[in-house]
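Encoded as structure tokens, the structure appears first; notes follow it.
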Amino acid sequence: MDKKATLKLSDGRTLEFPVLGGSIGPDVIDIRSLYGQGGVFTYDPGFLSTASCASSITYIDGDAGLLLYRGYPIEQLATHCDFLEVCYLLLNGELPNRKQKEGFVNTVTHHTMVHDQLNRFFMGFRRDAHPMAVMVGVVGALSAFYHDSLDIADPEHRKVAAFRLIAKMPTIVAMAYKYSIGQPFVYPQNSLSYTANFMRMMFAVPAEEYNVNDVLVRALDRIFILHADHEQNASTSTVRLSGSSGANPFACIAAGIACLWGPAHGGANEAALEMLESIGDVSKVGEFIKKAKDKSSGVRLMGFGHRVYKHYDPRAKLMRETCHEVLDELGLHDDPLFKLALALEKIALEDDYFVSRKLYPNVDFYSGIVQRALGIPVSMFTCIFALARTVGWIAQWNEMIGDPEQKIGRPRQLYKGAARRDVQPIDRR
Ligand code: SDX
């Protein structure tokens, strides 16, 4: 029997709507006919109770602390797969077999170089520009270089654009870093894996050979996996909304990067590390927690809380384990910031203010400590997030373009401004 929802309005009218069910998770009330039937809108700033689309890519159960990419738990993917396998999964819906993986890796590897004229875009930025500002500019500029993959109605164009973006983001991120420290750009090395290649482009210098540390490469590869996709978060919704107008994929990803930059979203890992550095010592944790609980202070416990996870973010647990591995590999297990983070987490998780509001560490709480230990500067943390999330943005964008139900996104509003009135001559205003 088809499920229905009935809305009784105080003026006596009764409106009925279909209730749609997914494969797992909450049902949705299909309210597309609400305005046509009832002349009213729904009101949901921040979209707390609104599903913007149907998707088969990622599923989150915030209460159970569950995160599935195409049905696979993030814990299993982070343990048994590498980032490019996860990219293949997110884009195609299934994990690749050996032959498929080889073909995918080969294609990505041979798209890692950027047009040499792209280098000039970096020269227009100040050396101390925030790397995310550079990323927004340079990724948006890719639209000017790839006219042969901008027809979003052509699945082949979309596929080429996907490969280009996934393959070139590490190169562009590394270039943004090199530019900021005044070192020469390092070209991709096709003999290396995706993540080893990225680390070499970030840290190699022409003056000496760069030795890849497999433990550190594996840790960063896992960080990419943990950040690859996350349902309809703010930046993914930005990419979908931009794409709904028919904008080209490079412009849509640039819009996603801009949104991710915000400290309430992808910028939180940078803010979380700066928070730990400002607390400085475990003895100061109590004083900071007090401020974070006082709304008038404007201070928040960065890396804590989540719109969906009302229990532990499964990515935070995996990130904490990765932290241990990297710090041990580097002989930094006494890293004061890591010890401070563990102390802060323990105190917060025993404090009723955070527990009652279901505020737990999220993916950003430990990621800054790991990245800092890997030699990645704080200013680059969100660029790393953007690098990893590009595959999720592309997969979601692709799904939207292929969705027969998709229309240009155009929300309405609750208008609270002035009613109609006439312009008065300036001497009578
Ligand atoms: C990411 O959406 C995604 O999936 C995002 C992401 C992804 O992978 O794409 O997971 C990545 O963005 C993770 C979140 C990173 N952001 C931070 O760590 C910044 C700190 N966190 C918060 O600003 C906040 O928790 C949000 C933005 C993450 C969620 O905000 P909500 O769901 O809108 O919750 P809220 O702001 O309404 O807070 C609910 C209550 C409030 O108190 P009351 O009004 O109920 O008394 O909790 C308080 C808030 O004041 N609160 C915090 C807090 N987060 C919420 N108090 C102190 N410290 C915090 N971190």
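Each ligand, and each atom within it, is numbered from 1 in the order the structure gives.
Judged purely by distance below 3.5 Å, without hydrogens or angles, the side chains of Gln37 and Glu16 never pair a donor atom with an acceptor atom. Judged by distance alone, the side chains of Arg222 and Thr322 do bring a donor and an acceptor atom under 3.5 Å apart.
With a 4.5 Å cut-off on side-chain heavy atoms, Asn97 and Lys99 count as touching. For the pair Arg32/Phe17, no side-chain contact is recorded, criterion being any heavy-atom separation below 4.5 Å from C-beta on.
Among all non-hydrogen protein atoms, the one lying nearest atom 15 (C) of ligand 1 is Asp364 OD2, 3.2 Å. In this structure, the protein non-hydrogen atom closest to atom 11 (C) of ligand 1 is His265 ND1, 3.8 Å. The shortest contact between atom 27 (C) of ligand 1 and any protein heavy atom is with Ala264 O, 4.0 Å. Among protein heavy atoms, the minimum distance from atom 20 (C) of ligand 1 is reached at Phe304 O, 3.4 Å. With respect to atom 19 (C) of ligand 1, the closest heavy atom belonging to the protein is Met302 CE, 3.5 Å. Closest to atom 14 (C) of ligand 1, if we only count protein heavy atoms, is Asn362 ND2, 3.6 Å. Of the protein's non-hydrogen atoms, the one nearest atom 56 (N) of ligand 1 is Leu359 CD1, 3.8 Å. Ranking the protein heavy atoms by distance from atom 4 (O) of ligand 1 puts His230 ND1, 2.6 Å first.
Residue contacts with ligand 1 leave out Gln232, since none of its heavy atoms falls under 4.0 Å from the ligand. For the ligand labelled ligand 1, residue Val308 lies outside the 4.0 Å heavy-atom shell.
Those atoms of ligand 1 with a heavy atom of Ala292 less than 4.0 angstrom away are 57 (C). Residue Ala268 approaches ligand 1 through these ligand atoms, each under 4.0 Å from one of its heavy atoms: 15 (C), 16 (N), 17 (C), 18 (O). Under a 4.0 Å criterion applied to the non-hydrogen atoms of Gly303, ligand 1 contributes the atoms 17 (C), 18 (O). Less than 4.0 angstrom separates some heavy atom of Arg307 from each of these atoms of ligand 1: 29 (C), 31 (P), 32 (O), 33 (O). Atom numbering of ligand 1 starts at 1 in the shown order; those under 4.0 Å from a heavy atom of Gly305 are 25 (O), 28 (C).
The residue from Arg357, Glu231, Lys291 that puts a heavy atom closest to atom 48 (C) of ligand 1 is Arg357. Distances from atom 46 (O) of ligand 1 to the heavy atoms of Lys295, Lys293, Lys310 put Lys295 nearest. Ranked by closest heavy atom to atom 24 (C) of ligand 1, the top entry among Arg389, Arg300, His306 is Arg300.
Not less than 6.0 angstrom separates the ring centroid of Phe83 from the ring centroid of Tyr88. The distance between the ring centers of Tyr179 and Phe125 does not fall below 6.0 angstrom.
Under the 4.0 angstrom criterion, atom 37 (O) of ligand 1 counts as lacking any protein heavy-atom contact. Of the protein's heavy atoms, none falls inside 4.0 Å of atom 34 (O) of ligand 1.
The side chain of Arg315, and not its backbone, has at least one atom closer than 4.0 Å to an atom of ligand 1 (non-hydrogen atoms only; side chain from C-beta on). In Leu301, the parts holding a heavy atom less than 4.0 Å from any atom of ligand 1 are both the side chain and the backbone.
Between atom OG1 of residue Thr195 and atom CG of residue Leu216 there is a gap of 12.0 Å, rounded to the nearest 0.5 Å. To the nearest 0.5 Å, atom CD1 of residue Ile253 and atom CG of residue Asn248 are 10.0 Å apart. For the atom pair CG of Asp214 and CG of Asp221, the computed distance is 11.0 Å after rounding to the nearest 0.5 Å.
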Check the pair Ser55 / Glu399 against side-chain hydrogen bond (donor to acceptor under 3.5 Å, both in side chains), numbers first and verdict last.
CA-CA 7 Å; Ser55 179; Glu399 182 180 65; 2.5 Å; yes
side-chain hydrogen bond (donor to acceptor under 3.5 Å, both in side chains) between Thr109 and Asn190: does it pass, once the steps are laid out?
CA-CA 6 Å; Thr109 303; Asn190 288 355; 5.9 Å; no
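Residues passing the side chain to side chain contact (heavy atoms under 4.5 Å, CB included) test with Ala196 are Leu192, Ser193, Val212, Val217, sequence neighbours excluded.
A ring-ring contact (aromatic ring centres under 6.0 Å, His included) check over residues 309-330, counting only residues at least two apart or in different chains, returns the pairs His230-Tyr309, His306-Tyr309, His311-Tyr360, His324-Phe338.
Taking distance alone, with nitrogen or oxygen atoms compared against 3.5 Å, Phe385 stays at or beyond that limit from ligand 1.
Cation-pi contact between Arg200 and Phe198: absent, since separation from the ring centre below 6.0 Å together with deviation from the ring axis within 45° is not met.
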